[in-house]
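If you're wondering where the values come from, they're calculated on a predicted model, not measured in any experiment. Order of listing sets the numbers, starting from 1, for every ligand and every atom in it.
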Amino acid sequence: MKIYAHRGCSGTFPENTIAAFKAAARLPIHGVEFDVHMTKDGELVVIHDESINRTSNGSGFIKDMTLKEIQNYDFGIWFSNNFKGEKVPTLREVLYVFKDTHHHINIELKSDVFPYVGMEQKVLEMLKQYRLEDRVVISSFNHEMIQNVKKQAPHIETAILFMEVMVAPHEYAQIVGADALHAFFPTALRKMGKEVIASGKQLRVFTVNEETYADMLHAVGVHAIFTDYPQEMYNYLNK
Ligand code: G3P
Ligand code: CA
């Protein structure tokens, strides 16, 4: 079972910062996951929430601020004084960290609350520039955007994210044009988890920090997990 560093090494570093990604880039794990939003001036930034309130010393929605405005704030100090000075990374800066590593890169487009019109084209252009198209999976809770990505770039791997216990989600994924399914932890243990695996599509599960949960998922044949503690989970699964 493969391991993705969820928002970088977010259990031990401030999530979605260059410090968290550099730590992940040093690990012998399969991949890394992070979240993308779009600023008022159309810049792509890597951050989980729609606002900067929880993970910075500022406040406000990303969609209402320019990149320059957001860069005035500190994104490390909320986690620990040791990370004072961490800035919000741009997508370009994060891709640069992984450009020469072996890691599979899961880019989650956070366009399910605010639509961020045109975000997917910008991401696709950047991946082409960086020649990373064969080393990424683009995922989203916004399945309309995943459908757009697949139409515009059929060669790029796509995934639908979902929280619910669904009926035949692999058939739904086919309609959307998703190659993989990224499921909330307990739902993967239900009947649909087995069905997805039997369909041949990749089933990856978030967010798994407990060893016992990892064991349960491994036993049913889940392909990969997202964890905030990738080093510890790697040590456990490879012991
Ligand atoms: O991509 C898997 C997982 O990160 C989805 O949930 O809320 O952590 O972005 P969330
Ligand atoms: Ca995410």
| query | Which atom, counting only N, O or S, brings Glu33 closest to the Ca ion (ligand 2)? | reply |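 Looking at Glu33, the N, O or S atom with the least distance to the Ca ion (ligand 2) is OE2.
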Within the structure, does [X] bring an N/O atom to less than 3.5 angstrom of an N/O atom in ligand 1?
X	result
Lys110	yes
His6	yes
Arg7	yes

| So, Tyr236 and Asp215: side-chain donor and acceptor under 3.5 Å apart, yes or no? |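 Asp215 and Tyr236 do have a side-chain donor-acceptor pair below 3.5 Å.
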Under 4.0 Å from a heavy atom of [X]: give me the atoms of ligand 1 that qualify, with their elements.
X	result
Asp35	9 (O)
Leu161	1 (O), 2 (C), 5 (C)
Glu108	1 (O), 3 (C), 4 (O), 5 (C), 9 (O)
Glu33	1 (O), 2 (C), 3 (C), 4 (O)

| field | 4.5 Å side-chain heavy-atom contact, Phe83 and Trp78 | value |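 No; the side chains remain at least 4.5 Å from each other.
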Parallel, tilted or perpendicular: which one describes the rings of [X] and [Y], with boundaries at 30° and 60°?
X	Y	value
Phe206	Phe141	perpendicular
Phe21	Phe98	perpendicular
Tyr116	His37	perpendicular

| Does ligand 1 have a heavy atom under 4.0 Å from the side chain of His48, from its backbone, from both, or from neither? |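 Only the side chain of His48 comes within reach of ligand 1.
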| request: Determine whether more than 12 heavy atoms belonging to other residues, nucleotides or ligands lie under 6.0 Å from atom CZ of Phe162. | output: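 Counting neighbours around CZ of Phe162, more than 12 heavy atoms of other residues, nucleotides or ligands fall under 6.0 Å, so yes.
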| Is the count of non-hydrogen atoms from other residues, nucleotides or ligands lying under 6.0 Å from His102 atom NE2 greater than 12? |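 Correct, the count exceeds 12.
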| request: Can you tell me, to 10 degrees, how wide the angle at the Ca ion (ligand 2) is between OE1 on Glu108 and OD1 on Asp35? | output: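 An angle of 80° at the metal.
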